[in-house]
S.K.: 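Got a structure here, written out as structure tokens. Questions coming.
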Amino acid sequence: QVQVVESGGGLVQAGDSLRLSCVASGRTGSGYHIGWFRQPPGKEREFVATINWSGDSTIYANSVKGRFTISRDNAKNTAYLQMDSLKSGDTAVYYCAASGTMRPLEAARVGLMDYWGKGTLVTVSS
């Protein structure tokens, strides 16, 4: 079992930046991919970005490509989502999730992750 806890959400203005953190604990020794997802108000959860265990492979949703950056520090068991040039359309609850490395990284695009956090709210005012 791996537990993940997100933090860093808040209220910002359009154009601002925000960095979310995701701390993993539990059985992290065997490695895990990390994915970020979001659920805008009244909509379904959607894929945002994912990063592999070694941190040398990432995938982004088209809607955030060039504005968001996913990274990780395995020494700290922490992953990050740096969000720049935020728009009102980025308002959502953001979730971090982990999956075993046996899953292909692409599986995150369709939400195939093993462990989910409870989410952190990001509100972007226009």
Side-chain angles (χ1 to χ4, degrees):
Q1 288 272 0
V2 175
Q3 295 79 42
V4 291
V5 178
E6 312 92 337
S7 64
L11 173 63
V12 297
Q13 294 188 335
D16 285 352
S17 297
L18 199 63
R19 189 177 78 162
L20 305 182
S21 298
C22 171
V23 177
S25 60
R27 295 193 173 188
T28 59
S30 57
Y32 51 95
H33 302 321
I34 284 290
W36 283 99
F37 301 80
R38 66 186 183 185
Q39 186 166 16
K43 297 184 180 180
E44 294 189 353
R45 187 170 60 198
E46 61 186 27
F47 166 75
V48 174
T50 188
I51 186 167
N52 67 343
W53 168 240
S54 59
D56 59 1
S57 183
T58 58
I59 302 173
Y60 293 92
N62 288 336
S63 58
V64 305
K65 200 172 294 184
R67 298 189 299 122
F68 290 11
T69 304
I70 189 171
S71 62
R72 66 190 299 162
D73 181 344
N74 289 342
K76 297 181 178 179
N77 282 332
T78 302
Y80 305 96
L81 185 68
Q82 177 67 41
M83 305 184 293
D84 298 321
S85 303
L86 283 162
K87 307 174 182 178
S88 57
D90 296 318
T91 294
V93 177
Y94 283 72
Y95 297 90
C96 174
S99 72
T101 54
M102 294 297 290
R103 288 193 191 277
L105 194 62
E106 285 281 348
R109 285 189 183 273
V110 293
L112 284 177
M113 308 295 286
D114 299 311
Y115 309 103
W116 292 84
K118 294 184 178 181
T120 185
L121 177 62
V122 173
T123 304
V124 184
S125 64
S126 57

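Numbers for residues simply follow the sequence, beginning at 1. This structure is a prediction, so every number in the text was calculated from the model and none was measured.
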S.K.: Do W53 and Y60 share a hydrophobic cluster (ILVMFWY, side-chain heavy atoms under 4.5 Å, transitive)?
M.R.: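 Yes, W53 connects to Y60 through the hydrophobic network.
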S.K.: Do you know which two heavy atoms are closest between K65 and N62, and how far apart they sit?
M.R.: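 Result for this residue pair: NZ-OD1, 3.2 Å.
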S.K.: What distance separates D56 CG from I51 CD1, expressed to the nearest 0.5 Å?
M.R.: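 One finds 8.5 Å between CG of D56 and CD1 of I51.
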S.K.: Distance from R109 atom CZ to T50 atom OG1, nearest 0.5 Å?
M.R.: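 Atom-to-atom, R109:CZ and T50:OG1 are 9.5 Å apart.
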S.K.: Nearest 0.5 angstrom please: L11 CG to L121 CG, how far?
M.R.: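 Here the rounded value is 9.0 Å.
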S.K.: Any chain of hydrophobic side-chain contacts (each under 4.5 Å) joining F68 to Y95?
M.R.: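 In one cluster with F68: Y95, no.
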S.K.: Say you draw a straight line from CG of L86 to OG of S125; how long is it, rounded to the nearest 0.5 Å?
M.R.: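 Going from the CG atom of L86 to the OG atom of S125 covers 10.5 Å.
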S.K.: How many angstroms lie between CG in D73 and OH in Y80, if you round to the nearest 0.5 Å?
M.R.: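 Rounded to the nearest 0.5 Å, the CG-OH separation comes to 5.0 Å.
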S.K.: Can you list the steps and then say if E6 with L20 is a side-chain contact (heavy atoms from CB on, under 4.5 Å)?
M.R.: CA-CA 7 Å; E6 312 92 337; L20 305 182; over 6 Å; no
S.K.: To the nearest 0.5 angstrom, please state how far the NZ atom of K118 sits from the SG atom of C96.
M.R.: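 Nearest 0.5 Å value for the NZ-SG distance: 14.0 Å.
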S.K.: Do I70 and M113 belong together in a cluster built from hydrophobic side chains that touch within less than 4.5 Å?
M.R.: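 Shared cluster, no.
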S.K.: How close do A14 and S126 get, heavy atom to heavy atom, and via which atoms?
M.R.: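 A14 and S126 have their closest heavy atoms at CB-CA, 4.2 Å.
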S.K.: Kindly give the heavy-atom pair with the smallest separation between R103 and D114, and that separation in Å.
M.R.: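 Residues R103 and D114, closest heavy atoms: NH2-OD1, 2.9 Å.
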S.K.: Taking the inter-plane angle between the rings of F47 and F37 on a 0 to 90° scale, is it parallel (under 30°), tilted (30 to 60°) or perpendicular (over 60°)?
M.R.: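 Correct class here is perpendicular.
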S.K.: Would the distance check show the side chain of T91 and the main-chain N or O of V124 forming a donor-acceptor pair, the cut-off being under 3.5 Å?
M.R.: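 A pair under 3.5 Å: yes.
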S.K.: Are any side-chain N or O atoms of N74 and backbone N or O atoms of S54, one a donor and one an acceptor, separated by less than 3.5 Å?
M.R.: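 The answer is no, because no donor-acceptor pair under 3.5 Å joins these two groups.
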S.K.: Decide whether Y94 and V12 are clustered together by the hydrophobic rule: side chain heavy atoms of Ile, Leu, Val, Met, Phe, Trp, Tyr closer than 4.5 Å, transitively.
M.R.: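 Yes, one cluster joins them.
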S.K.: Can you sort out the partners of S85 under side chain to side chain contact (heavy atoms under 4.5 Å, CB included), two or more places apart, ordered by chain and number?
M.R.: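 In terms of side chain to side chain contact (heavy atoms under 4.5 Å, CB included), with neighbours along the sequence ignored, S85 is linked to R67.
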S.K.: Is R45 reaching over with its side chain to a backbone N or O of V93, donor-acceptor style, under 3.5 angstrom?
M.R.: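 No, the answer is negative, given that no donor and acceptor are paired below the 3.5 Å cut-off.
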S.K.: On a heavy-atom basis, which atom in Q82 and which in D84 lie closest, and how many Å separate them?
M.R.: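 Where Q82 meets D84 most closely, the heavy atoms are NE2-OD1, 2.9 Å.
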S.K.: Any side-chain heavy atom of H33 within less than 4.5 Å of one from T101?
M.R.: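 In short, these two side chains touch, coming nearer than 4.5 Å.
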S.K.: Show, in sequence, the C-alpha distance, side-chain angles and deciding distance for M83 and V122, and conclude whether the side-chain contact (heavy atoms from CB on, under 4.5 Å) test is met.
M.R.: CA-CA 10 Å; M83 305 184 293; V122 173; 3.9 Å; yes
S.K.: Which atoms form the tightest heavy-atom contact between Y32 and A98, and what is the distance?
M.R.: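 Smallest interatomic distance, heavy atoms only, reads CD1-CB, 4.1 Å.
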S.K.: Same cluster or not: are L81 and I34 linked, directly or through other Ile, Leu, Val, Met, Phe, Trp or Tyr residues, by side-chain heavy atoms under 4.5 angstrom apart?
M.R.: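 Yes, one cluster joins them.
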S.K.: Indicate the atoms forming the closest heavy-atom contact of V4 with C22, along with that distance.
M.R.: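 Looking at all heavy atoms of both residues, the closest pair is CB-SG, 3.8 Å.
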S.K.: Salt bridge check: are R38 and E46 linked by an N-O gap of less than 4.0 Å?
M.R.: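 Looking at E46 together with R38, the answer is yes, because their closest N to O distance falls below 4.0 Å.
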S.K.: Determine, for Y115 and R27, whether the Lys NZ or Arg CZ falls below 6.0 Å from the six-membered ring centre while staying within 45 degrees of the axis.
M.R.: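 Not satisfied by the 6.0 Å and 45° rule.
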S.K.: Hey, are the side chains of N77 and S25 touching, using non-hydrogen atoms and a 4.5 Å cut-off?
M.R.: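 When only atoms from C-beta onward are counted, S25 and N77 do not touch, as no gap falls below 4.5 Å.
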